[in-house]
Amino acid sequence: MTLDETLTSGRAHAPGEDGYEAQRLPWQRKFDPFPSLIVEAGGAADVVTALRIARENDLPIAVQSTGHGVVSSSDGTLLLKTAGMNGVEIDPERGVARAGAGTPWGDVIAAAAPHGLAPLSGTSAGVGVAGYMLGGGAGLLSRTYGYAADSLLRAQVVTAAGEVITASADEHGDLFWALRGGGGNFGIVTELEFRLFPAAPLYGGMAFFDAARAPETLARYRDWALDEPDESNAALVVMTLPPLPQVPEALRGRRVLMLRSLYAGAAADGERVLAPLLEAAGEPLMGAYAPLTYADTATMMGPPPPPSVGEVQIELFRDVPDDVLDVVADPDGPPVAIEFRHWGGEMARPGDDAGPIGHRDVPFSVVVTALAQDRAGWPAAKADADEI
């Protein structure tokens, strides 16, 4: 009997076999892993089989869906791929979605949209549901409705002992608490059930402005955020526009200020809330704000980027001094993207049953992202991020 024959619906790949090269690489190309065995799971039964194989061969387990959140190499492991455990069902009457662990957010958004509902997904529709939610998940509507992990209702989990269980508020409560933002190390999640939220009306979009207006706009945003209503989810990013076809040729390589906004409410209210920031930012170079659907947000940031190296550094601030804003706005800084974001809202008001997400009371973050196309460019990207 071959290894594939022991799997219910999945496939296995050893080094040198067909499929191994394609499956070993995560989206995050900072790593070039060489697992001892790769198992593509089609369901919970395949996960149980993979755990047995790992125990029998003394192999550590690494779990991966899209590989956006990989933080270490999976060399010498049994790499369990969950992308095949996809699919989503919507219960519009309950306002609930059930999705396989390998489902990307774009599929959930598309399935929920006809019912006027939306998940608490992030800015990239290509990211997988499970890793994002288990890590907390701060998305485009999180100031309005909370972290994605707060919306989790139930999870099917395969334990280290190979037992398939359901974790919810009523079953395995301690595990359920840990899964709601504590990461993916408590078991292998194969399916999730989570709340959906009203998706209309919405107002927002993304526009780019001259980076020369960044100092004034960042300072205005810092003060404006103190009274930002929960319906508003806005962030500023100082960045260099890449040389991509969707970017006008005259703007390629130009340093700009980007304002991303999504307001859960009427367009007139969204315009009023955003007006002080637009006054400071000046005339847009590209982009606009308008009524939109939540499905529009799946493409608001453009198509999902191809696999690449992402060097990300995050700092949290209770108060943001002027010298921090000076660094963010520096026109002579390295070619990185620096996001200045206000948190708060429902994220800062956890319920009595909330999971272990930390730092809920910290209102601001500065996130530095440097991208490279491949591992060869990673040292330079890391040096750029470290310079900030």
Side-chain angles (χ1 to χ4, degrees), residues 1-87 99-107 124-132 134-135 157-160 162 164 183-185 187-191 303-311 371-379 381:
M1 178 181 291
T2 67
L3 182 55
D4 277 347
E5 289 174 334
T6 69
L7 298 170
T8 302
S9 56
R11 297 187 61 193
H13 311 283
E17 294 181 351
D18 289 346
Y20 178 85
E21 280 298 311
Q23 291 298 324
R24 72 179 182 85
L25 292 171
W27 184 95
Q28 170 58 279
R29 294 295 167 85
K30 185 189 302 184
F31 305 103
D32 187 25
F34 289 91
S36 295
L37 182 68
I38 300 172
V39 174
E40 296 181 76
D46 289 339
V47 174
V48 173
T49 299
L51 287 173
R52 176 179 56 79
I53 294 168
R55 284 196 302 271
E56 292 173 351
N57 293 275
D58 197 26
L59 294 175
I61 286 277
V63 184
Q64 186 182 112
S65 174
T66 62
H68 281 76
V70 173
V71 295
S72 63
S73 179
S74 53
D75 290 341
T77 68
L78 186 153
L79 176 59
L80 181 62
K81 301 295 289 284
T82 64
M85 294 189 291
N86 56 27
T103 307
W105 279 115
D107 290 359
S124 177
V127 170
V129 167
Y132 173 89
L134 297 177
V157 183
V158 181
T159 69
V164 182
N185 292 326
I188 299 173
V189 173
T190 56
E191 187 177 271
S308 57
V309 171
E311 184 66 28
L371 294 178
Q373 292 184 347
D374 51 37
R375 292 186 75 235
W378 175 58

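Positions are given from 1 along the sequence. Model, not experiment: these values are computed from the prediction.
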Q: State the NZ-OG1 distance between Lys81 and Thr66, to the nearest 0.5 angstrom.
A: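 Answer for the NZ-OG1 pair, Lys81 versus Thr66, is 9.0 Å.
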
Q: Is it true that a side-chain atom of Asp374 and a backbone atom of Gly377 form a donor plus acceptor pair closer than 3.5 Å?
A: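 A pair under 3.5 Å: yes.
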
Q: Looking only at non-hydrogen atoms, find the nearest pair between Asp46 and Gly10 and report the distance.
A: OD2-N, 2.8 Å

Q: Report the distance from atom CG of Leu25 to atom OG of Ser74, rounding to the nearest 0.5 Å.
A: 9.0 Å

Q: Among Asp75, Ile38, Val70, which residue satisfies the side-chain contact (heavy atoms from CB on, under 4.5 Å) criterion with Pro33?
A: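 That would be Asp75.
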
Q: Set out, in order, the CA-CA distance, both residues' side-chain angles and the distance that settles side chain to side chain contact (heavy atoms under 4.5 Å, CB included) for Asp107 and Val129, then state yes or no.
A: CA-CA 10 Å; Asp107 290 359; Val129 167; over 6 Å; no

Q: CG of Asp18 to CZ of Arg11: how many Å apart, nearest 0.5 Å?
A: 7.5 Å

Q: Hey, what's the ring geometry for Trp27 with His68, parallel, tilted or perpendicular (30° and 60° as the breaks)?
A: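 Because their plane-to-plane angle is under 30°, the rings of Trp27 and His68 count as parallel.
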
Q: For Ser73 and Phe31, work out which heavy atoms get closest and say how close.
A: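 Closest pair (atom of Ser73, atom of Phe31, distance): N-CD2, 3.7 Å.
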
Q: Thr77 vs Leu59, test: side chain to side chain contact (heavy atoms under 4.5 Å, CB included). Steps then yes/no.
A: CA-CA 5 Å; Thr77 68; Leu59 294 175; over 6 Å; no

Q: Can you check whether Val157 reaches Ile188 side chain to side chain, under 4.5 Å on heavy atoms?
A: no

Q: Using 0.5 Å steps for rounding, measure from the OG1 atom of Thr49 to the CG atom of Leu51.
A: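 That separation rounds to 9.0 Å.
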
Q: Kindly indicate whether the side chain of Val39, heavy atoms from C-beta on, has any atom under 4.5 Å from the side chain of Leu78.
A: yes

Q: Identify the two heavy atoms, one from Ala125 and one from Pro104, that lie closest to each other, and give their separation to 0.1 Å.
A: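 So the minimum-distance heavy-atom pair works out to O-CB, 3.7 Å.
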
Q: Does either side chain, that of Glu21 or that of His13, offer a donor lying less than 3.5 Å from an acceptor on the other one?
A: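 There is no such pair between these side chains.
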
Q: Output yes when a side-chain donor or acceptor of Tyr20 lies under 3.5 Å from a complementary backbone atom of Leu37, and no otherwise.
A: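 No: the side chain of Tyr20 does not pair with the backbone of Leu37.
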
Q: Under the side chain to side chain contact (heavy atoms under 4.5 Å, CB included) rule, what do Val309 and Leu371 come out as? Steps first, then yes or no, please.
A: CA-CA 6 Å; Val309 171; Leu371 294 178; over 6 Å; no

Q: To the nearest 0.5 Å, how far apart are OH in Tyr132 and OG in Ser124?
A: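 Spacing of OH (Tyr132) from OG (Ser124) equals 10.5 Å.
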
Q: As an exercise, state the distance from OG of Ser72 to CD of Gln28, rounded to the nearest 0.5 Å.
A: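 Separation between the atoms: 11.0 Å.
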
Q: Using a 6.0 Å cut-off, check whether atom CD of Glu17 has over 12 heavy atoms from anything other than its own residue.
A: yes

Q: Using every non-hydrogen atom in the two residues, find where Ala130 and Ala101 come nearest and quote the distance to one decimal.
A: CB-O, 3.5 Å

Q: When you measure from the side chain of Arg375 to the backbone of Lys30, do you find a donor-acceptor pair of N or O atoms at a distance under 3.5 Å?
A: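 Yes, the answer is positive, given that a donor and an acceptor are paired below the 3.5 Å cut-off.
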
Q: Looking only at heavy atoms, what is the nearest atom pair of Ala83 and Ser65, with distance?
A: CB-O, 4.1 Å

Q: Could you tell me whether the side chain of Arg24 reaches within less than 4.5 Å of the side chain of Pro35, counting heavy atoms only?
A: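 Of all side-chain heavy-atom pairs linking Arg24 with Pro35, at least one is under 4.5 Å.
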
Q: Please determine whether side chain to side chain contact (heavy atoms under 4.5 Å, CB included) holds for the pair Leu79 and Gln64, giving the CA-CA distance in whole Å, both sets of side-chain angles, and the decisive distance to 0.1 Å.
A: CA-CA 7 Å; Leu79 176 59; Gln64 186 182 112; 3.9 Å; yes

Q: For Met85 and Gly42, work out which heavy atoms get closest and say how close.
A: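 Residues Met85 and Gly42, closest heavy atoms: CG-C, 3.6 Å.
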
Q: Under a 3.5 Å distance rule, please check whether Glu56 uses its side chain to pair with a backbone N or O of Ile53 as donor and acceptor.
A: no

